[in-house]
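What follows is a short report on a single structure.
Along the sequence shown, residues carry numbers from 1.
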Amino acid sequence: MVSPILKWAGGKRQLLDELKSRFPRSYSHFHEPCFGGGALFFDLEPQNGSINDTNSRLVNFYKQVRDRPDELIEFSRTFEHPESQPDPKRSFSETNRKGKDIDNYYYQQRELFNNRPYGDEYDELEEAALLLYLNRTCYNGLYRENSSGGFNVPIGRYSDPDWVREKEIRQASRVLQNTDIYNSDFEYVRDQVEKGDLVYFDPPYEPMSPTAYFTDYSADGFDQEDQQRLVDLAKELDQRGVNVILSNSGVMYDKYDEAGLYVEIEGATRAINSDADNRDEVDEIIATNVPPKQRKAVGQQGLSDF
Ligand SMILES: C[S@@+](CC[C@H](N)C(=O)[O-])C[C@H]1O[C@@H](n2cnc3c(N)ncnc32)[C@H](O)[C@@H]1O
């Protein structure tokens with residue numbers, strides 16, 4: 001059981017037991033097409049399979065973790081405390097691209113991170129180290145992009161932030177060794193899965209009300225057509241004998257139900273359980289094609305565990 005390295009919007013650490021209680025008794029490969037922080041993957045430590053995300057910087061990060069953990073740790077050690085002075089030897093030591101004053105080292109790194117893919121100094125390892133640094137030192141530790149794809153979270157105030165995460169990087173690198181990493185739409189998994197595999201889909205949640213804003217994981221967003229494509233894919237995989245588990249907001253209850261999945265409510269913090277017509281306002285649902293009788297109960301030990 002390994003901890004996720006990054007804090008990520010929609011992270012599923014609180015839902016692990018509920019997800020695992022829907023697992024089939026056995027499965028071959030494990031796939032996670034909307035990876036984010038990968039809380040379930042790291043908890044499971046699967047031997048093989050695939051992970052994917054549309055966020056190319058996130059995907060680059062996991063590739064560096066898998067393939068170059070020592071270099072990544074070494075690079076991260078070169079960073080300074082976020083509130084220290086900007087590095088005068090690097091770009092953006094005084095002003096950002098828009099000519100605004102750079103206050104401290106954090107904002108210089110943020111500017112370098114945002115500039116990198118278009119500048120001369122682009123380096124995959126440095127980008128991975130910067131992503132981790134910003135994730136560990138930004139306000140609330142979350143990744144958020146503005147509409148033009150720039151990381152725009154302000155500095156956080158932590159007394160002793162750890163942006164190296166040596167132990168976590170080494171553990172994650174070990175777990176990722178036999179995992180294929182993709183930077184694509186979730187539909188990539190159609191060509192990767194085989195009968196008997198398990199796929200966990202954790203897409204950006206469909207907003208529960210017009211004011212809720214759940215889709216700002218990246219500049220792309222994830223709209224209702226994407227949600228429908230996901231339902232269609234889950235149905236197709238079900239017909240091919242693949243185990244699927246999905247989480248989403250309650251807005252998707254009926255669509256998952258109509259697709260023939262077993263749908264259950266989790267985390268109904270709004271106390272509307274008594275009103276069956278109000279499923280739309282349920283915070284979280286989990287859907288699966290694994291029939292209750294074929295699930296491996298959490299905590300149940302198999303003979304191989306002895
Ligand atoms: C709810 S988060 C996943 C959180 C993750 N389960 C965790 O524990 O941290 C959803 C992820 O889906 C990714 N995503 C958005 N659109 C996608 C698409 N079309 N295909 C695959 N992934 C997508 C987002 O970048 C985000 O990282």
Check whether any side-chain N or O of N178 sits under 3.5 Å from a backbone N or O of N48 as a donor-acceptor pair, and report yes or no.
no
CZ on R97 to CG on N114, rounded to 0.5 Å
5.5 Å
Using a 3.5 Å distance criterion without hydrogens, assess whether the side chain of S76 forms a donor-acceptor pair with backbone atoms of L72.
yes
Once the angle between the rings of Y27 and F30 is folded into 0 to 90°, is it parallel (under 30°), tilted (30 to 60°) or perpendicular (over 60°)?
tilted
Using the six-membered ring wherever Trp is involved, compare the ring planes of F201 and F186 and label them parallel, tilted or perpendicular (cut-offs 30° and 60°).
perpendicular
Side chains of V2 and R174, heavy atoms from C-beta outward: is any pair under 4.5 Å?
yes
Is it possible for you to say whether W8 and Y158 belong to one hydrophobic cluster, with membership spreading through side-chain heavy-atom contacts below 4.5 Å?
no
So, taking the atom named CG in D185 and the one named CG in D53, what distance separates them when rounded to the nearest 0.5 Å?
10.5 Å
Taking everything shown except Q85 itself, do over 12 heavy atoms lie less than 6.0 Å from its CD?
no
Heavy atoms, side chains only, cut-off 4.5 Å: are F35 and V59 in contact?
no
Specify the closest pair of heavy atoms between V244 and T288, including all atoms of both residues, with the distance to one decimal.
O-OG1, 2.8 Å
Output for pair (E206 CD, Q228 CD), nearest 0.5 Å, gives 11.0 Å
Check whether any side-chain heavy atom of N183 lies under 4.5 Å from a side-chain heavy atom of K63, and answer yes or no.
no
Co-membership, hydrophobic cluster, residues L15 and Y262, 4.5 Å side-chain
no
N289 side chain vs V242 backbone, donor-acceptor pair below 3.5 Å
yes
N135 and K7: side-chain contact (heavy atoms from CB on, under 4.5 Å), yes or no, with the steps?
CA-CA 7 Å; N135 187 261; K7 191 170 171 198; 3.9 Å; yes
Going by heavy atoms in the side chains, are R295 and F23 under 4.5 Å from each other?
no
Answer yes when E225 and R229 have at least one side-chain N-carboxylate O distance shorter than 4.0 Å, and no when they do not.
no
Please report the shortest heavy-atom distance between G37 and Y62, naming the atom on each side.
CA-OH, 3.6 Å
Output yes when E168 and R136 qualify as a salt bridge under the 4.0 Å nitrogen-oxygen rule, no when they do not.
no
Might you point out which heavy atoms bring A259 and K235 nearest each other, and give the distance in Å?
CB-CD, 3.5 Å
CG-CG distance between D43 and L19, expressed to the nearest 0.5 angstrom:
9.5 Å
Apply side-chain contact (heavy atoms from CB on, under 4.5 Å) to residues D283 and Y205 and explain how you reach the verdict.
CA-CA 10 Å; D283 286 353; Y205 282 14; over 6 Å; no
Side chains of N248 and Q227, heavy atoms from C-beta outward: is any pair under 4.5 Å?
yes
For atom CD of E74, decide whether the heavy atoms of other residues, nucleotides or ligands shown that lie under 6.0 angstrom number more than 12.
no
Which class fits the ring pair F151 and Y143: parallel under 30°, tilted 30 to 60°, perpendicular over 60°?
tilted
May I ask whether V231 and V290 are part of the same hydrophobic cluster, defined by side-chain heavy atoms of I, L, V, M, F, W, Y residues being less than 4.5 angstrom apart, directly or through others?
no
Flag, side chain of S28 to backbone of D197, donor-acceptor distance under 3.5 Å
no
Answer yes or no: is there a donor N or O on one side and an acceptor on the other, between the side chain of E32 and the main chain of F41, under 3.5 Å?
yes
Look at the side-chain heavy atoms of Ile, Leu, Val, Met, Phe, Trp and Tyr, link any pair under 4.5 Å apart, and say whether L130 and I155 land in one connected group.
yes
For V263 against D257, the heavy-atom pair lying closest together:
CG2-N, 3.6 Å
Check this for me, if you would: do R22 and E264 make a salt bridge, where the nitrogen-to-carboxylate-oxygen distance has to be below 4.0 angstrom?
yes
Starting at NZ of K195, measure out to CG of N243 and round the result to the nearest 0.5 Å.
11.0 Å
Is the cationic atom of R68 (NZ for Lys, CZ for Arg) positioned less than 6.0 Å from the six-membered ring centroid of F75 and within 45 degrees of its normal?
no
Residues D202 and S247: closest non-hydrogen pair is OD1-OG, 2.9 Å
Check whether N96 reaches the backbone of D101 with its side chain - one donor and one acceptor, N or O, closer than 3.5 Å.
no
Test salt bridge (charged side-chain N to carboxylate O under 4.0 Å, His left out) applied to R66 - qualifying residues, sequence neighbours left out:
none
Result of checking Q108, Q109, R110 against Y106 for side-chain contact (heavy atoms from CB on, under 4.5 Å)
R110
Donor-acceptor pair, side chain of Y107 and main chain of F92, under 3.5 angstrom:
no
More than 12 non-hydrogen atoms from neighbouring residues, nucleotides or ligands closer than 6.0 Å to CZ on R240, yes or no?
yes
ILVMFWY network linking I181 to L125, side-chain heavy atoms under 4.5 angstrom:
yes
Below 4.0 angstrom, N of the basic side chain to O of the carboxylate: do K12 and E266 qualify?
no
Going by heavy atoms in the side chains, are L131 and N60 under 4.5 Å from each other?
no
CD/Q14: more than 12 non-hydrogen atoms of other groups inside 6.0 Å:
no
To the closest 0.5 Å, what do you measure between CG (N104) and OG1 (T137)?
9.5 Å
Evaluate the side-chain contact (heavy atoms from CB on, under 4.5 Å) criterion for residues E145 and N55: first the C-alpha distance (whole Å), next the side-chain angles of each, then the deciding distance (0.1 Å), finally the verdict.
CA-CA 10 Å; E145 292 178 349; N55 186 322; 4.1 Å; yes
Distance-only donor-acceptor check, side chains S50 and Y188, under 3.5 Å
yes
For a side-chain contact (heavy atoms from CB on, under 4.5 Å) check, start with the C-alpha distance between V189 and L237, then their side-chain angles and the critical distance, and finish with the verdict.
CA-CA 9 Å; V189 83; L237 297 185; 4.3 Å; yes
Determine whether Y133 and P161 make a side-chain contact, defined as any pair of heavy atoms from C-beta on separated by less than 4.5 Å.
no
Please tell me if the side chains of R190 and L233 come closer than 4.5 Å, counting only heavy atoms from C-beta onward.
yes
